[in-house]
Amino acid sequence: MLLINCPWCGPRDETEFSYGGEAHRVRPADPSALTDEQWADFLFMRTNPKGAHKERWVHSHGCRRWFNVERHTVTHQILNVYPPASAPQPVQDIEAANGDAAPASSQKGARS
Amino acid sequence: MTNTHRTPTGGTVDRSKTISFTFNGKSYQGHAGDTLASALLANGVHLVGRSFKYHRPRGILSAGSEEPNALIQLERGAHTEPNLRATQIEIYEGLTASSQNAWPSVEFDVGAVNNLFSKIFVAGFYYKTFMHPQSMWMRVYEPIIRRAAGLGKSPQEADPDIYDKMHAHCEVLVVGAGPAGLAAALEAARGGARVILADEQPRFGGSLLGSRGETIDGMPALEWVAKAEAELRSHPEVTLLPRTTVTGYFDHNYLVMAERRTDHLPRGSKPGVSRQRLWKVRAAQVVLATGSHERPLVFADNDRPGVMLAGAARTYVNQFGVLPGRRVVVFTNNDSAYQAALDLHDSGAAVPAIIDLRKSVDGPLARKARAQGIRIITNSAISEVEGGKKVRGVQVQALAADGETVTGPAESIACDLIAMSGGWNPAVHLFSQSMGKLRYDEALAAFVPNLSVQAERSAGACKGSFALPACLAEGAEAGRAALAAAGLDAAEPARVPTAEALEEQPLRPLWIVPGKKPVGQKGKHFVDYQNDVTAADVLLASREGYQSVEHLKRYTTTGMGTDQGKTSNVNALAILAKSLASPIPQVGTTTFRPPYTPLTYGTIAGRDVGELADVARVTPIHAWHVEQGAVFEDVGQWKRPWYFPRGAETMEEAVRRECRAVRTSVGVLDASTLGKIDIQGPDAATFLNRMYTNAWLKLDIGRCRYGVMCKEDGMIMDDGVTTRLGPNHFIMTTTTGNAAKVLDWLEEYLQTEWPELKVYLTSVTEQWSTASIAGPKAREVVAALAPDLDLSAEAFPFMSMKEAVVAGVPARIFRISFTGELSYEINVPSHQALHVWREMMRVGARYDITPYGTETMHVLRAEKGYIIVGQETDGTVTPFDLGMDWIVSKQKKDFVGKRSYARPGAVDDGRKQLVGLLPEDPAFVLQEGAQIVEDADNRTPIPMLGHVTSSYYSETLGRSFALALIKNGTNRLDQAVYAPLDGGRIVKCTVTKPVFFDPEGVRLHG
Amino acid sequence: MANALPRAGAVARFAPAVTALASSAGLVLAEMVPPGQVNLRGNPSDPRFLRAAGSVLNCLLPVGANTVQSTDDITVLWLGPDEWLILTAPGGETELIERLRAALGDVHAAVTDVSGNRARLRLSGPEARMVLAKGCGLDLHPQRFKAGQCAQTTMARVGIILHQLDDRPTYDILVRRSFAEYTWMWLKDAMAEYGGTIAAG
């Protein structure tokens, strides 16, 4: 069972995730401009490397975020995990992230 | 006279505790700490079973989990369990065991006649003997083979024991608690790591348990073991698991262990405690200290009871205080067996000779043996074994110069035990499972770990380091390295336990020991005891062209069975290599697969049995359904009411009544299982417009629209009704089974294709419980529930939504229909849904409101030609195939799936289309899935036109009807097609439009 | 439109929902009276969103992975980088939703009533960690998962939100209502060897 390091939730068992196939296939902006062959290529053709493979996973039982995994297809070693550039990036420092948004009274009432 | 072969002193069994047990109907006594094997040997019992094919008498070969012969049927009745290794069964008071594969008894076995016909049982005998005629296979051959060749018997009653599972995490998992494993665990524990130490034996110590005279750190070895165990116990983060076999090594250091929690106790003595537990461990680092297995020597009749591995003989005398023989001939190709000879001799056994295949021996061990007056016969072999059910003696002859034959006169030596050693195989099973690559070590004549793939390291004998000082040093080093790799700092310098070992001389691999006659002619050179595979079988397979060790395994069955060839694999492939004149590394090994040792089905199932076998989802109304006596149907994980029988009604009667009620008065369905997704954001409408095939931008607030969602290939993946709650707010429904899949699908597009869209999705499937009230009287029921709501067709038209208070609860009411009737779907928060439901039933009683189940829902929607995704569709169906051209926008430039409708395949003539079918016999209901053909002529091959997707009897129509996907279906209206059914019946049907009831939709707009 | 009707527990067929656990020493399981639940989505790097949410919730939004922030009135659980679950008193969700929506104005966010979505089971006692470990692959070691942390994960093949409340340890298991009966039966079974009990109503 793979151990996948969700960029947001941290390392979790594979059973929490769903596989989404090859990563970085971009849906054509205007599919109608494509020939049948080009569209068929987008629909059906995938790389199938022996070795490093970039693929999409979604943390279905966790944060429901899609992200990218680079996995070695022979050893199943995970070489890299990275969120899409457009995704909200993981946060470490709560206070800093909240910035001046934190209400002054919060320190009094809050307990974690 | 019991315990005739127990030494007066020695061993770690508790002689103060005597335990009675029964074997093959006879009572015996042993001591606490005995295995069944050691207790039987203590009573002079060697003959414990009959072999698989030839029914040859077999004794105990080993002292561990690698045992191929001594397979036992333990206990009777519900507790019975087959194929257990006598060498691993700990005896307990009242234990009852019997031999397998022998009838009427192990002493006199009728099946032994197979031995006389052994010519037909050669390699590949299944394929060769039982090929023709085919008609004989199921009726004659198979039952004979099953009866004649087999292992134990499976229990006939339900298992009374419980089994469970446990997840665990650690920094360092150490597999094996021998000297290397203990040394590794100590170093890791001292560094503060979370350590799990697992060993398949009841006691820690590994090979040290069977040793004699070893010292570690200046103390007797077992004292050191006890001290190490005590220290480990003092570390709070250490988990010690004896009786726990690591059986599988999976990806990313995920290992599976089977713990036997109560097997050593009388059955049923620990109620509530699981008998066996499957541990699922995620370890940052793994230290493999799994030891090694001794190889048998392949000589003629090397399977006679009384032929035992030398290391096992040593274990029996040292650990259990049992002399497996009083007069022991040792037969070896290496030095390790000399230690067995010395220990047996020291315990009072006569050792008339050590027969050594090597040309000369002069190591420290040989010198010690000579000093004890033990005769060593070098460059010689056992060329014949005397005795059938028990070894009586051996014939010894000198080897020819090339080792291929024996020469000269035979000397006869009487003995009752042959202790043999063909060298040692590191137990590389888990290393190999971890995808590590092996290397063949010429000096050891064995495979050893080479390249690691996962975060593990081997130490000690499993790495090919057999000497005690090396085991300890490698163990400590591995524990420390694991600690560092796990990111922990060792607090103190390594403390490598010290020990001494005698230098050993090189072994002489002689893969087939020559006998008096050439191999295969007289006497059997067994390679795989459990599967009765001989050297002759391997040579025959090689002559027949088998060159791959994987093919050899499948052809001869060598290496299969409960022991998975732990004692046989290297011998088999070495013989194959020799026969092919290839180097051993080139022949390679077979794949090592989990489990390392057999697992019970109970352990694999854990608590996933009975009512916990699968997740069961229930709606907030479930308690009411149960009260009403509903019969439930599994829809995915959901338990949905299938129908509600009244009195003695059959399903058919109940469904007809429920259908009648909806069409003539009012019925209600629990539709809570539908998936519901809350969609918010300024781009929500744009997003829906891209995901659905139809147009969404101009949907008015408070209005509902049906939508079909396709994949990029244009095939339907889901459908449902979506309602606009506000300018930027929608609620989507999905099919029951696809709720989670659709949410993932929508999120994938939002997150990866169109992150610029401002849309948030929230699953509210279980926030809302849905009662679907349908029928001519539906309006009256809703009016009674929500008196303030204007339900007129003008104020609340078809395909719209109103918010209202229903029975005191804020609700959303959708006027949508899946039955073709006037229908309202009332959605209320789940935690108040049962209250609303009961109110609805109370006020609806006046209209004889009738609860209906999924079957009636299916019939009613099929009468209207409404599809069910997954029933009318199977991933190859477009909206056009279903005659739903109207749902696909012509105006929209793009949506998911659109481009595919311009592909030739999507518009080809001859695509299957949805049609209705009316069987000629109005009482006959076609089977769903029935194939449809063009004409009644039943000659094969028949071109298939398509298949029936839905089929029911319609109370409304007074006849049967069906939906089907048929090639060119829309061009076949009113034509006849045929459904050839199982049993030869051919049913004629007329093709119709797929709408059977109220095609104008008068009723649902009413 | 708040309504005062009682809220049915999701495992009412087996045991009544309770408002608190007695502080007994043993291992105990209960369903808590279903709380008000509000799902909040928004962009934490938008200061307007944080300010609006913080002003209503009166606490920092837990933007760190698997963390929880609580006040006397509410508990906010991190579900993902742009999603939170807010627990409040039964019935309190209606006002909370109104105030959140008012404060957020035209900020892109989603506030959704999910009070009926999940049941809240509470497991407390010295062996609680072992009970969970029978079905949950998360590392629950006290150094790895502490009081004040939460995680969306699975237990016995059921998706759950696990929230550790204290070091006893006590856990809240938030589970979708349809799974609650199965989860309850599973927990009861897993507790058996430790002599666990069901809290009296």
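A quick note: this is a predicted structure, and the numbers were derived from the prediction, not measured. Chain A is the first sequence line, chain B the second, and so forth, proteins listed ahead of strands; every chain is numbered from 1.
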- Given that the side chain runs from C-beta out, which part of C:Arg144 has a heavy atom under 4.5 Å from chain B: side chain, backbone, both or neither? side chain
- Task: Under 4.5 Å heavy-atom distance to chain B, tell me which part of C:Leu138 shows up: side chain, backbone, both or neither.
- Result: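 Answer is backbone: N, CA, C or O of C:Leu138 sit under 4.5 Å from chain B.
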Heavy atoms only: give me the nearest [X]-[Y] pair and the separation to one decimal.
X        : Y        : result
B:Gln637 : C:Phe179 : OE1-CE2, 3.6 Å
B:Val764 : C:Asp113 : CG1-O, 4.5 Å
C:Gly116 : B:Ser830 : O-CB, 3.5 Å
C:Ala110 : B:Tyr760 : CB-CB, 3.7 Å
C:Arg41  : B:Leu761 : NH1-O, 2.7 Å
B:Gly681 : C:His108 : CA-CE1, 3.8 Å

Identify which of [options] forms the greatest number of heavy-atom pairs closer than 4.5 Å to chain C.
options                                : answer
B:Val759, B:Asp164, B:Thr762, B:Val828 : B:Thr762
B:Val273, B:Asp678, B:Ile679, B:Leu278 : B:Asp678
B:Gly272, B:Ala833, B:Ala616, B:Ser672 : B:Ala616

Report which part of [X] has an atom under 4.5 Å of a heavy atom belonging to chain C: side chain, backbone, both, or neither.
X        : value
B:Lys280 : neither
B:Leu612 : both
B:Trp638 : side chain
B:Ala807 : backbone

Distance in Å, [X] [atom1] paired with [Y] [atom2], rounded so as to fall on 0.5 Å steps:
X        : Y        : atom1 : atom2 : result
C:Thr112 : B:Ile677 : OG1   : CD1   : 12.0 Å
C:Lys134 : B:His167 : NZ    : NE2   : 12.0 Å
B:Ser763 : C:Asn117 : OG    : CG    : 5.5 Å
C:Asp82  : B:Gln751 : CG    : CD    : 7.5 Å
C:Asn43  : B:Lys758 : CG    : NZ    : 9.0 Å
B:Gln767 : C:Arg176 : CD    : CZ    : 10.5 Å

- Task: Answer yes or no: is there an ion pair linking B:Arg194 with C:Asp139, defined by an N-O contact shorter than 4.0 Å?
- Result: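 Counted as a salt bridge, because a side-chain N and a carboxylate O are separated by less than 4.0 Å.
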Would the distance check show the side chain of [X] and the main-chain N or O of [Y] forming a donor-acceptor pair, the cut-off being under 3.5 Å?
X        : Y        : result
C:Glu181 : B:Val618 : no
B:His169 : C:Gly137 : yes
C:Glu193 : B:Ser274 : no

Residue among [options] with most heavy-atom pairs under 4.5 Å to chain B:
options                     : answer
C:Cys136, C:Pro34, C:Ala10  : C:Cys136
C:Ala109, C:Ala190, C:Gly9  : C:Ala109
C:Ala12, C:Ala180, C:Ser115 : C:Ser115

- Query: Hey, does B:Asp614 have a side-chain heavy atom less than 4.5 Å from the side chain of C:Arg157?
  - Reply: yes
- Listed by residue number, which members of residues 619-629 of chain B have a heavy atom under 4.5 Å from any heavy atom of chain C?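 So the qualifying residues are B:His622, B:Ala623, B:Val626.
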- Message: Once side-chain contact (heavy atoms from CB on, under 4.5 Å) is applied, do any residues pair with C:Lys188, and if so which ones, sequence neighbours excluded?
- Response: C:Trp184, C:Ile198
